[in-house]
Amino acid sequence: MNHILSRGFLFILLCGSAAGCAVKKPAAPSVASETAAIAVDSVVTEMPHTSRGPYQPSAERLMDLLHTNLNVRFDWAKQHLLGEVTLTLKPYFYPQQQVVLDAKGFDIHKVTLLKGKQAVPLTYDYDQQKLTVKLDKTYTRTDTLQVYISYTAKPNELKAHGSQAIQSDKGLYFINPLGQEEGVPQQIWTQGETEANSAWFPTIDKPNERMTQDIFITVESKFKTLSNGTLVSSRNLKNGLKTDHWRMTQPHAPYLVMMAIGEFSVIKDKWRNKEVSYWVEPEYAATAKATFGRTPAMLEFFSQKLGVAFPWDKYAQVVVRNFVSGAMENTSASTFMESVQQDRRELLDKNWDHIIAHELFHQWFGDLVTTESWANLPLNESFADYSEYLWAEHQYGPDEAALTHQSALLEYLAESRTKQEPLIRFHYTDKEDMFDSHSYAKGGRVLHMLRQEVGDEAFFAALHLYLTQNKYSPVEIDKLRLAFEETTGRDLRPFFQQWFLTPGHPELKVSHSYQNGSLTLQVNQTQDTLRTTVYKMPLTIALLQNGKWQQEQVQLEKATQAFTFPMQAVPEAVVVDPTQKLLANIDHEKSVPEWSAQFLNSTAYAAKANALEHLRDTTVTQIDQVLEKALQDPFWKIRATGLEVLVSKESMQNPRMQAQVQRMAETDPYSAVRATATYVLSTLSGLPPEIIEGRLNDSSYQVVSAAIFAWTKGDHDLNRLKPFLQYKNPDVVNALASAFTQSEEEELYAWYLKNASKLRGGALYYFVQSFGAFLLKKNIDRQERGWQALVRVVEQETMAEVKQAAFQMLTLMAETDERRQKVQELAAKDPKLASIMSPQMN
């Protein structure tokens with residue numbers, strides 16, 4: 001689930017739409033890689049903490065839930081679900097006299113035991129979280145029983161919680177329930193992870209439970225419904241309603257149950273005679289296949305790579321409004337945030353292959369084989385994260401894969417400055433704490449190292465064994481280790497202990513010297529070896545001499561270790577881990593000529609990218625050759641980074657270099673590069689306005705937004721930008737929001753108010769800051785409409801960072817007692833808001 005927010009102009013420029021950066025065509029700048037001002041091997045690590053918390057066991061299994069038969073209908077006005085459920089259960093091992101179910105915030109109307117045609121009333125205790133049903137006798141593991149419950153679910157009356165990845169746990173969501181919000185479709189959808197499906201039907205809401213299901217959904221006939229499994233029937237009723245029957249015949253975890261209801265356009269596709277479908281708002285029906293159409297190729301690639309065919313009866317992907325996460329891997333039917341819907345111009349800038357691959361890979365890792373407990377969450381998320389690398393490697397080549405890998409590594413290293421945990425965490429305070437860059441990005445990088453450790457053939461053979469041995473069952477980390485050991489014949493406990501069960505990562509301080517025909521490489525492990533460990537791992541060292549590389553393989557085993565290599569002369573460059581295979585922070589001090597030689601002579605993306613980053617802030621002027629080569633690199637990301645480095649260099653004053661940048665702004669095939677070049681041009685004094693104006697006509701929204709920033713920076717007539725006010729693209733909207741903060745025009749005020757109600761997530765995060773700057777220029781009476789709009793953002797938005805940004809703007813406008821009181825009321829409802837409120841507000 002992509003949930004990282006980033007900062008800085010280039011993020012707004014290139015990744016302005018919600019929930020982080022998507023993949024460019026073939027891949028867009030990722031959040032971490034695009035905004036990193038430093039290379040991987042120079043990340044400064046602060047003092048991290050390890051938060052143990054209490055031991056969190058796997059859920060004890062008293063009853064085994066075999067099947068759920070669920071009938072649901074809805075009260076749109078009250079936002080209630082009216083449900084009837086029959087649960088087929090049996091004692092797991094020990095005799096039982098009661099059934100304990102998760103059931104959050106329900107009105108319970110009736111509970112009975114079904115015995116043939118007879119319904120025997122049962123007594124129960126209910127505390128709004130757990131429903132404890134007392135059975136009529138003691139049942140043993142040879143018995144099967146059916147419990148019927150009639151209830152009303154009221155998700156909006158629950159006190160919602162959430163995490164960085166999953167922003168709310170209400171389980172069931174009504175979008176525009178009364179149909180009165182302009183431009184917003186009426187929808188109902190669910191989000192079950194972690195244990196939120198028990199907010200709309202009684203169940204045993206634990207990841208180590210599995211069941212089959214029948215769901216009967218009664219809705220207005222105009223709506224389409226989607227759920228797990230296959231549509232068995234759709235029956236029209238006399239009162240303008242219909243009942244759709246969805247059946248799931250293969251067992252899966254309760255948190256993977258889903259519904260989506262709305263007026264969707266459904267675009268049908270297929271893979272190996274199985275239905276593949278894309279569910280979008282009608283406006284995006286024409287471009288749905290361009291967005292999702294690589295899904296059959298992904299299904300084929302993953303099925304062949306794993307040697308396990310996609311296991312479910314169908315695969316649907318549905319886009320919903322106001323989703324509380326990036327996406328969710330419900331069995332056979334994944335749900336996506338609305339940003340995935342794109343018009344034809346947006347498709348020029350980016351695609352969403354990474355998130356599509358991520359949720360699809362979960363259908364094996366997470367759905368077919370499911371984590372036994374949230375402590376073992378990386379057995380779901382690390383694999384899904386690594387699938388993004390696998391798909392990029394397969395579809396787009398080694399540079400795209402290397403960028404995907406580096407972006408995730410940077411994401412984890414950023415988090416590790418303040419937090420370092422084992423990947424598999426049996427101690428934590430809240431299960432939501434597991435949804436972090438450790439479980440995702442670090443886990444994916446550990447799998448990459450495991451792949452290097454055992455070799456490609458063994459890696460995928462072991463995954464095949466793991467999936468076939470454990471299908472339809474919950475797993476913990478030892479199941480994965482044993483599959484690899486059975487496949488390879490090796491004892492891999494040290495690898496798993498070091499990388500999965502130990503917090504932290506190697507911090508390598510590297511230096512090198514040449515003397516008397518020998519190069520000596522000194523490697524010091526500077527991490528806290530008491531809190532973590534002294535790492536043992538292979539190390540690749542690339543040495544450049546006379547324009548040719550030689551590679552050396554050594555084994556790192558000690559906290560301090562020196563390696564010596566005979567060489568005829570001083571090497572031009574020394575590169576440790578040139579292809580960035582290691583999950584490590586490598587600090588290797590080199591001279592500007594060494595970094596330059598590394599860039600000029602490397603072919604691997606990581607070696608070139610790290611060299612460029614280290615040359616970004618150098619004051620040395622003799623790097624023209626590096627910059628010229630960077631701007632002509634075949635990989636778009638190197639060209640874009642080269643442009644960023646060029647901004648602050650004297651080389652930018654060279655007319656020949658300026659002409660090169662202008663050509664890139666006009667003709668580079670990648671919109672991310674054209675956008676960056678446009679911004680770089682705007683840093684030149686005396687730039688003719690027609691150069692930037694030409695970029696306003698680019699086919700790419702990213703380039704248009706960059707040109708708007710550049711136009712504003714050039715102090716040109718802002719009326720030229722007004723035709724773009726009709727654009728809905730978040731990149732363009734945010735650029736305009738920044739441009740018009742000084743405006744007093746009512747037309748612009750209305751535009752800000754409209755977008756404050758329409759934007760979501762990451763795009764809204766930046767917008768509210770520009771909107772706040774716009775409002776702060778107004779007197780208190782003119783502020784009022786904007787004040788109320790920001791209050792609604794704080795009250796309704798689920799992303800914490802957005803709420804906090806809007807709240808901060810409110811505190812700056814709280815100049816009356818009434819406003820100060822409102823700020824205090826908002827802070828009282830959210831401790832995170834209270835923590836950022838200024839003392840004078842209390």
Side-chain angles (χ1 to χ4, degrees), residues 40-41 43 45 48-52 371 375-379 381-383 385-386 405 408-409 412-413 415-417 419-428 434 436-455 458-459 462-463 466 475-510 523-541 553-561 563 576-577 579-587:
V40 174
D41 53 2
V43 172
T45 302
H49 73 270
T50 300
S51 177
R52 278 184 63 79
T371 181
N376 286 276
L377 179 67
L379 291 173
E381 295 301 345
S382 296
F383 280 102
D385 182 275
Y386 192 51
H405 178 75
L409 178 58
Y412 160 71
L413 289 175
E415 183 175 89
S416 73
R417 299 177 207 175
K419 169 186 180 180
Q420 292 184 9
E421 306 281 358
L423 271 183
I424 306 301
R425 279 168 268 173
F426 293 102
H427 294 266
Y428 55 79
M434 291 295 303
D436 58 12
S437 290
H438 284 62
S439 292
Y440 290 71
K442 180 181 180 180
R445 311 295 58 78
V446 169
L447 291 175
H448 189 58
M449 288 192 298
L450 180 57
R451 182 181 173 187
Q452 313 304 318
E453 177 76 18
V454 301
F459 181 76
L463 295 187
Y466 169 76
V475 290
E476 56 183 350
I477 189 64
D478 284 337
K479 293 287 185 72
L480 183 66
R481 175 179 60 82
L482 290 171
F484 271 84
E485 291 185 345
E486 185 174 341
T487 298
T488 64
R490 295 175 53 185
D491 180 357
L492 290 168
R493 185 178 292 276
F495 182 96
F496 277 72
Q497 180 65 40
Q498 179 171 265
W499 294 110
F500 285 97
L501 300 172
T502 302
H505 56 270
E507 297 275 352
L508 305 183
K509 179 73 173 177
V510 180
V523 183
N524 296 324
Q525 297 193 40
T526 62
Q527 71 273 6
D528 181 352
T529 55
L530 293 178
R531 182 182 52 82
T532 175
T533 187
V534 175
Y535 285 86
K536 297 181 179 181
M537 57 189 179
L539 204 59
T540 300
I541 301 157
Q553 300 289 335
V554 299
Q555 184 69 20
L556 193 63
E557 295 180 335
K558 301 175 183 177
T560 299
Q561 208 163 348
F563 304 96
V576 175
D577 191 26
T579 56
Q580 211 161 56
K581 292 179 180 178
L582 295 178
L583 173 64
N585 179 29
I586 302 173
D587 181 5

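All residue numbers in this chain count up from 1 along the given sequence. Since the model is a prediction, treat every value here as computed from it, not as a measurement.
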Might you point out which heavy atoms bring Lys419 and Asp436 nearest each other, and give the distance in Å? NZ-OD2, 2.6 Å
Go through the structure and list residues passing ring-ring contact (aromatic ring centres under 6.0 Å, His included) with Tyr466, not counting sequence neighbours. none
Quick one: NE2 on His427 to CD on Glu421, what's the gap to the nearest 0.5 Å? 11.0 Å
Which heavy atom of Lys558 sits nearest a heavy atom of Gln561, and at what distance? N-OE1, 3.1 Å
So how far is it from Leu379 CG to Ser439 OG, rounded to the nearest 0.5 Å? 10.0 Å
Please identify each residue that fulfils salt bridge (charged side-chain N to carboxylate O under 4.0 Å, His left out) with Glu485, with sequence neighbours left out. Arg481
Can you list the residues that meet the salt bridge (charged side-chain N to carboxylate O under 4.0 Å, His left out) rule with Asp528, with sequence neighbours excluded? none
Start with the C-alpha distance between Val523 and Phe563, add both sets of side-chain angles, then the distance that settles side chain to side chain contact (heavy atoms under 4.5 Å, CB included), and finish with yes or no. CA-CA 8 Å; Val523 183; Phe563 304 96; 4.1 Å; yes
Locate the shortest heavy-atom distance separating Phe459 from Leu450; write the atom from each residue and the value. CD1-C, 4.2 Å
Can you give me the closest heavy-atom contact between Asp577 and Lys581, atom names plus distance? OD1-N, 2.9 Å
Please list, one pair per line, the donor and acceptor atoms closer than 3.5 Å that link side chains of residues 492-504 to other protein atoms, with sequence neighbours excluded.
residue : atom : partner : partner atom : Å
Gln498  : OE1  : Lys536  : N            : 2.8
Gln498  : NE2  : Lys536  : O            : 3.0
Thr502  : OG1  : Gln497  : O            : 2.6

Could you work out, with side-chain contact (heavy atoms from CB on, under 4.5 Å) as the rule, every residue matching Val534, not counting sequence neighbours? Gln525, Thr529, Ala559
Contacts of Phe426 meeting ring-ring contact (aromatic ring centres under 6.0 Å, His included) (sequence neighbours excluded), chain-then-number -> none
Is there side-chain contact between Gln420 and Thr532, with at least one heavy-atom pair below 4.5 Å? no
Applying ring-ring contact (aromatic ring centres under 6.0 Å, His included), can you list everything that pairs with His448, at least two apart in sequence or on another chain? Tyr386, Tyr389, His405
Determine, step by step, whether Leu480 and Val475 satisfy the side chain to side chain contact (heavy atoms under 4.5 Å, CB included) criterion, reporting the C-alpha distance in whole Å, the side-chain angles of both residues, the deciding distance to 0.1 Å, and the verdict. CA-CA 8 Å; Leu480 183 66; Val475 290; over 6 Å; no
For residues 438-452, the salt bridge (charged side-chain N to carboxylate O under 4.0 Å, His left out) pairs (sequence neighbours left out) are Asp385-Arg445, Glu393-Arg451, Arg451-Asp456
I'd like to check Val446 versus Leu583 (side-chain heavy atoms, cut-off strictly below 4.5 Å). Are they in contact? yes
What are the two closest non-hydrogen atoms of Leu508 and Met537, and how far apart are they? CD1-CE, 3.9 Å
Look at the side chain of Gln553 and the backbone N and O of Pro538, then say whether any donor-acceptor pair between them is shorter than 3.5 Å. no
Gap between atom CG of Leu377 and atom CG of Leu423 - 0.5 Å precision: 10.0 Å
How close do Ser416 and His505 get, counting heavy atoms only, and between which atoms? OG-CE1, 3.3 Å
Checking Asn376 side chain against Ile477 main chain: does a donor-acceptor pair fall under 3.5 Å? yes
Hey, does the side chain of Glu381 reach the backbone of Tyr440 with a donor-acceptor pair shorter than 3.5 angstrom? no
Taking only residues two or more places apart in sequence, or in another chain, which ones meet Glu476 in a salt bridge (charged side-chain N to carboxylate O under 4.0 Å, His left out)? none
OG1 of Thr540 to CG of Leu582, rounded to nearest 0.5 Å, is 7.0 Å
Only counting residues at least two apart or in another chain, list the ones meeting side-chain contact (heavy atoms from CB on, under 4.5 Å) with Lys509. Asn524, Thr526, Asp587
Test side-chain contact (heavy atoms from CB on, under 4.5 Å) applied to Ser382 - qualifying residues, sequence neighbours left out: Pro378, Leu447
